[in-house]
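Worksheet: the structure to be examined is printed underneath.
Residue numbering restarts at 1 for every chain, and letters A, B, ... go by the order of the sequence lines. None of these values were measured; they are calculated from a predicted model.
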Protein chains: 2
Amino acid sequence: MSGYAFRHKVAGNGGRQIFSIHMKGDVVDLHNSILRRADHNVQALTAIDVALIPALAIRQLAADRPLVGQAMWYETLVDAAIFREWTLNVGRRDARARTAHLRCEFALRLPVAGLGSQSDYVLPMTQEHLADALALTSVHVNRTLQALQSEGLIERTKRVVRVIDFAKLARVGDFDDRYLHLDRIQEVRRPRRN
Amino acid sequence: MSGYAFRHKVAGNGGRQIFSIHMKGDVVDLHNSILRRADHNVQALTAIDVALIPALAIRQLAADRPLVGQAMWYETLVDAAIFREWTLNVGRRDARARTAHLRCEFALRLPVAGLGSQSDYVLPMTQEHLADALALTSVHVNRTLQALQSEGLIERTKRVVRVIDFAKLARVGDFDDRYLHLDRIQEVRRPRRN
DNA sequence: CGAAAACTTGATTCCGTTCAACACATGTGG
DNA sequence: CCACATGTGTTGAACGGAATCAAGTTTTCG
């Protein structure tokens, strides 16, 4: 309902990987609650207000109202699409592109949730959080952010991000918004009445 | 219906990331067909036989028979769980662990599909495919496989994989099968009648 | 049988890590 | 409201794991 949360998993060597950042309006934990066994952790990033929904109620809802069930299924599909892009990001892009890519993603996602604009938004992740989302060290994230800033692509004061040149940042970050399936989100948020 | 396929995405720098390998029995392309826009590629790994199902029929089926719809939703959730683990694998494990982890995953998944056993299975991926799944180069995959072999953890002749010591391999690969949600698969494959 | 694909090996390079120290902000209890 | 502790961000130097480049060899398959 308010605040930010994230999902992550910790490897045996102590490394942590963050998979997703969630904001107000997101249904955060469908995965762990619908499948019986949890396979990852959900954690608050800031102080948050949450609404708890019993897993059973979700299952019931999906059964009783197929369209709602379908909407939740779609949500899961979009979720998976974002996971895929993050895997690509972590696996096949260098630090510079990875970092730029993440910034681009939030420049688009936060406005959809009514939080900031494409060129100015607040993202309460520390550099260590960023490191764990990008599979880098916080030291290298720091250097990479500085590099992007000195190139005039972004500015940052504390946790406020300003995107100076989105098009250029998108090019650097090899960013293509298709994977976010934003059209789908619009549709769910503002359903057509028929 | 037979053969192997995989899903992947290509970054702007030419790097390819493989997300998943599919085998007979898998519903491969729910993601691209249910969401309207494709955000990744599906490709045959071997000669394959496939059954084509119109997206509309799937949507209809999900709407008309909620339990089937639910089953497909669960499938998507498990899919996403595997993506998460792969992200962790690529992001936070070194080449040795990554490679061992992949071997472990298939040692469990292939038997479920009735293809080989935990200790002996055929996986028709070239080292280049492995490289793109593990976010390494094929050169490094080659060296890593040799290392695992010389440690006596696996053997390999062509595409046949023999797991000598699963427990040890699982330790090296930081492998915990929870993310596969195999109990769930069992349930779907052999549904209870009531 | 011959060409292409896949695999192997060695030498070198580089991106990101590691380690370590320090600066600055944040916040809390006394 | 200060004193102190902790968390976060910054910087530098050295190291290392995997990439790159290049040249083989072996396998596959038409």
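- For the 3.5 Å distance criterion, the side chains of N89(B) and E85(B) fail to qualify, holding no donor opposite an acceptor.
- Just one of L115(B), I48(B), V50(B) meets the side-chain contact (heavy atoms from CB on, under 4.5 Å) condition when paired with K24(B); it is L115(B).
- The salt bridge (charged side-chain N to carboxylate O under 4.0 Å, His left out) test applied to E155(B) returns no partner, not counting sequence neighbours.
- Within the structure, ring pair (Phe, Tyr, Trp, His ring centres under 6.0 Å) contacts touching residues 78-112 of chain B (residues at least two apart or in different chains) are H101(B)-F175(B), H101(B)-Y179(B).
- One interatomic measurement links the two molecules: CG of D132(A) to P of dT17(C), which rounds to 11 Å at whole-angstrom precision.
- Across residues 93-103 of chain B, D94(B), A95(B) each have a non-hydrogen atom less than 4.0 Å from an atom of DNA chain D (numbered order).
- At a threshold of 4.5 Å between non-hydrogen side-chain atoms, the residues L145(B) and N142(B) do not count as touching.
- Listed by first then second residue, pairs satisfying ring pair (Phe, Tyr, Trp, His ring centres under 6.0 Å) with a partner in residues 114-137 of chain A read F6(A)-H129(A), not counting sequence neighbours.
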Using nucleotides 18-24 of chain C, report all nitrogen or oxygen pairs with the protein that are shorter than 3.5 Å.
from: dT18(C); atom 1: O4; to: R143(A); atom 2: NH2; distance (Å): 3.2

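- Under the salt bridge (charged side-chain N to carboxylate O under 4.0 Å, His left out) criterion, R96(B) pairs with E151(B), not counting sequence neighbours.
- Per the geometry, CG belonging to L136(B) stands 15 Å off P belonging to dG16(C), to the nearest Å.
- With sequence neighbours excluded, the residues forming a side chain to side chain contact (heavy atoms under 4.5 Å, CB included) with S2(A) are D49(A), listed by chain and number.
- Side-chain N or O atoms of S138(A) include none that pairs as donor or acceptor with a backbone N or O of A131(A) at under 3.5 Å.
- Sorted pairs that involve residues 11-62 of chain A and meet ring pair (Phe, Tyr, Trp, His ring centres under 6.0 Å), not counting sequence neighbours, are lacking altogether.
- T76(A) and T76(B) share no donor-acceptor pair across their side chains, judged by distance under 3.5 Å alone.
- Enclosure of atom CZ in R159(B) by more than 12 non-hydrogen atoms of other residues, nucleotides or ligands within 6.0 angstrom is indicated.
- DNA chain D lies under 4.0 Å from no heavy atom of any residue of residues 10-21 of chain B.
- Under the rule for a salt bridge (charged side-chain N to carboxylate O under 4.0 Å, His left out), D29(B) has no partner lying at least two apart in sequence or in another chain.
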When you compare the protein's N or O atoms with those of nucleotides 4-9 of chain D, which come within less than 3.5 Å of each other, and at what distance?
from: dT8(D); atom 1: O3'; to: R159(A); atom 2: NH2; distance (Å): 3.1
from: dG9(D); atom 1: OP1; to: R159(A); atom 2: NE; distance (Å): 3.3
from: dG9(D); atom 1: OP1; to: R159(A); atom 2: NH2; distance (Å): 3.2
from: dG9(D); atom 1: OP2; to: Q127(A); atom 2: N; distance (Å): 2.7

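- Residues R178(B) and D39(A) are not paired through a salt bridge, judged by the lack of any N-O separation under 4.0 Å between the basic side chain and the carboxylate.
- Side-chain nitrogen and oxygen atoms of Q146(B) include none within less than 4.0 Å of the OP1 or OP2 phosphate oxygen of dC7(C).
- Q17(B) places a side-chain N or O within 3.5 Å of a backbone atom of A133(B) that can act as its donor or acceptor partner.
- The bend of the helix from dC1(C)-dG30(D) to dG30(C)-dC1(D), defined by the angle between the axes of its first five and last five pairs, stands at 50° to the nearest 10°.
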